[in-house]
*Asks:* 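For reference, the structure I am asking about is given below.
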Amino acid sequence: MAAKTLKYLSARVGNQWYGVNVDQIIEVLQLIAFTEVPTSRKDILGLITVRDEVMPLIDLRRRFELQDIQFKLDTPVIAVREAHGPIALLFDDADRVEDIDESQVTVSHYGQQFPYVRGVAKLSGRLLFLLDTSLISREIRELDAAL
């Protein structure tokens, strides 16, 4: 029986490349106007509208406690659909869609050290951390419910 091929868009935050499941992506776009909203979370920049859906814009550099950088007009935003609601994720760079054989993926067992990583794909020349966007979306919605 042939191994299943997974498709992930590779996108960079800092020096690390992450994979976003292509099946969950609503749209990949460049940084556009967003509405700032008051929040206690530094990683939530505000709200953005993508395909008539309003969603929080999350700066992954801040979420991963990396130093802020200057945004550019070509800064990539990847909007994803999740069970807990859509979110828009701000990356430093977006590269290409990777076809990943299931045998290349190691399930993450690192828990608190890498809470947003569901697995690691071993590609030629680099590791691709497979991002758990559902966890990010759930945390945002739980924050909303607590307010």
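Counting from 1, the numbers follow the sequence of the chain as shown. Only a predicted model underlies this, so the values are computations on that prediction, with no experimental measurement involved.
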*Asks:* Please report the closest heavy-atom contact between Ile44 and Pro56, naming both atoms and the distance.
*Replies:*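 Residues Ile44 and Pro56, closest heavy atoms: CG2-CB, 4.4 Å.
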*Asks:* Looking at CD of Glu102 and OG1 of Thr5, how far apart are the two atoms once the value is rounded to the nearest 0.5 Å?
*Replies:*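 Glu102 atom CD to Thr5 atom OG1 measures 8.5 Å (nearest 0.5 Å).
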*Asks:* Start with the C-alpha gap between Val20 and Ile25, add the side-chain angles, then the distance that decides, and say whether side chain to side chain contact (heavy atoms under 4.5 Å, CB included) holds.
*Replies:* CA-CA 8 Å; Val20 179; Ile25 295 175; 3.9 Å; yes
*Asks:* So if you build clusters from Ile, Leu, Val, Met, Phe, Trp, Tyr with side-chain heavy-atom gaps below 4.5 Å, do Leu57 and Phe71 land together?
*Replies:*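 In one cluster: yes.
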*Asks:* Would you check if the side chain of Ser137 reaches a backbone N or O of Gly85 as a donor-acceptor pair within less than 3.5 Å?
*Replies:*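 Judged by distance alone, yes, a pair lies under 3.5 Å.
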*Asks:* Are the side chain of Gln104 and the backbone of Lys122 linked by a donor-acceptor contact shorter than 3.5 Å?
*Replies:*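 Here the side-chain-to-backbone pair exists.
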*Asks:* CG of Asn15: more than 12 outside heavy atoms within 6.0 angstrom?
*Replies:*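 Open.
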*Asks:* Just do the side chain to side chain contact (heavy atoms under 4.5 Å, CB included) check on Leu128 and Leu130 with the steps written out, would you?
*Replies:* CA-CA 6 Å; Leu128 186 69; Leu130 306 181; 4.1 Å; yes
*Asks:* Determine, step by step, whether Val107 and Arg118 satisfy the side chain to side chain contact (heavy atoms under 4.5 Å, CB included) criterion, reporting the C-alpha distance in whole Å, the side-chain angles of both residues, the deciding distance to 0.1 Å, and the verdict.
*Replies:* CA-CA 6 Å; Val107 176; Arg118 67 170 39 140; over 6 Å; no
*Asks:* Taking all non-hydrogen atoms of both residues into account, name the closest pair between Ser134 and Glu82 and its distance.
*Replies:*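 For Ser134 and Glu82, the tightest heavy-atom pair comes out as CB-OE1, 3.2 Å.
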*Asks:* Between Leu123 and Phe129, is there a shared hydrophobic cluster once you connect ILVMFWY residues whose side-chain heavy atoms come closer than 4.5 Å?
*Replies:*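 As far as the 4.5 Å side-chain criterion goes, Phe129 and Leu123 are not connected within one cluster.
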*Asks:* Does one hydrophobic cluster hold both Leu127 and Leu66, with members joined at side-chain heavy-atom distances below 4.5 Å?
*Replies:*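 Same cluster.
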*Asks:* For Tyr116 and Glu139, which I'm curious about, is there any donor-acceptor pair between the side chains at under 3.5 Å?
*Replies:*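 The answer is yes; a qualifying pair exists.
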*Asks:* What distance separates Asp101 CG from Lys4 NZ, expressed to the nearest 0.5 Å?
*Replies:*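 Here the interatomic distance stands at 11.5 Å.
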*Asks:* Taking the basic N atoms (NZ, or NE/NH1/NH2) and the acidic carboxylate oxygens, is any pair closer than 4.0 Å for Asp92 and Arg61?
*Replies:*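 Salt bridge flag = yes for Arg61 with Asp92.
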*Asks:* Does the distance from a Lys or Arg side-chain N to an Asp or Glu carboxylate O, for Asp99 and Lys7, drop under 4.0 Å?
*Replies:*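 Lys7 and Asp99: salt-bridged.
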*Asks:* Of all the heavy-atom pairs spanning Leu29 and Ile32, show the shortest one and how long it is.
*Replies:*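 Shortest heavy-atom separation between Leu29 and Ile32 comes out as CD1-CD1, 3.5 Å.
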*Asks:* Within the 4.5 Å heavy-atom criterion, are Asp93 and Trp17 side-chain neighbours or not?
*Replies:*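 With C-beta onward as the side chain, the pair touches.
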*Asks:* How long is the straight-line distance from CZ of Arg126 back to CD of Glu98, given to the nearest 0.5 Å?
*Replies:*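 It is 5.0 Å, given to the nearest 0.5 Å.
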*Asks:* Less than 4.5 Å apart, any side-chain heavy atom of Ile48 and any of Val54?
*Replies:*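 No, every pair of side-chain atoms sits at 4.5 Å or beyond.
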*Asks:* Where the side chain of Arg62 meets the backbone of Phe64, is there a donor-acceptor pair that is under 3.5 Å apart?
*Replies:*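 Side chain of Arg62 to backbone of Phe64, a donor-acceptor pair under 3.5 Å: no, none is there.
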*Asks:* First locate atom CD1 of Ile136, then atom CG of Leu60, and finally report the distance between them rounded to the nearest 0.5 Å.
*Replies:*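 Reported value, rounded in 0.5 Å steps: 5.5 Å.
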*Asks:* If we ignore hydrogens and angles and just use 3.5 Å, is the side chain of Ser10 paired with the main-chain N or O of Arg96 as donor and acceptor?
*Replies:*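 Side chain of Ser10 to backbone of Arg96: a pair is present.
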*Asks:* When you compare the side chain of Tyr8 with that of Val105, does any pair of heavy atoms fall below 4.5 Å?
*Replies:*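 Val105 does not reach Tyr8 side chain to side chain.
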*Asks:* Between CG of Asp132 and OH of Tyr18, what distance do you get to the nearest 0.5 Å?
*Replies:*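 The CG atom of Asp132 sits 12.5 Å away from the OH atom of Tyr18.
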*Asks:* Report yes if some heavy atom in the side chain of Leu90 is under 4.5 Å from a heavy atom in the side chain of Leu45; otherwise report no.
*Replies:*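 Result yes, sub-4.5 Å side-chain heavy-atom pair found.
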*Asks:* So if I apply the side chain to side chain contact (heavy atoms under 4.5 Å, CB included) rule between Leu131 and each of Leu9, Val13, Val117, Leu89, which one comes out positive?
*Replies:*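 For Leu131, the side chain to side chain contact (heavy atoms under 4.5 Å, CB included) check succeeds only for Leu89.
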*Asks:* At what distance, to the nearest 0.5 angstrom, does CD1 of Ile87 lie from CD of Glu53?
*Replies:*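 Here the rounded value is 12.5 Å.
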*Asks:* Indicate yes or no: at least one non-hydrogen side-chain atom of Phe91 is less than 4.5 angstrom from one of Ile78.
*Replies:*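 Contact flag for Phe91/Ile78 side chains = yes.
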*Asks:* How about Ile140 and Ile58: do any of their side-chain heavy atoms sit closer than 4.5 Å?
*Replies:*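 Contact flag for Ile140/Ile58 side chains = yes.
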*Asks:* Taking side chain as C-beta onward, heavy atoms only, is Ile26 less than 4.5 Å from Arg51?
*Replies:*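 The answer is yes, as the side chains (C-beta and beyond) meet within the 4.5 Å cut-off.
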*Asks:* Same cluster or not: Ile100 versus Val97, using hydrophobic residues (I, L, V, M, F, W, Y) connected whenever any side-chain heavy atoms lie under 4.5 Å apart?
*Replies:*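 Result: no, two separate clusters.
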*Asks:* Looking at Asp43 and Arg41, is there a salt bridge between them, counting it only when a charged N and a carboxylate O are closer than 4.0 Å?
*Replies:*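 Looking at Asp43 together with Arg41, the answer is yes, because their closest N to O distance falls below 4.0 Å.
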*Asks:* Heavy atoms only: give me the nearest Met55-Ala79 pair and the separation to one decimal.
*Replies:*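 Met55 and Ala79 have their closest heavy atoms at SD-CB, 3.8 Å.
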*Asks:* Determine, using the 4.5 Å side-chain heavy-atom cutoff (strictly less than), whether Val120 and Leu135 are members of one ILVMFWY cluster.
*Replies:*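 Same hydrophobic cluster.
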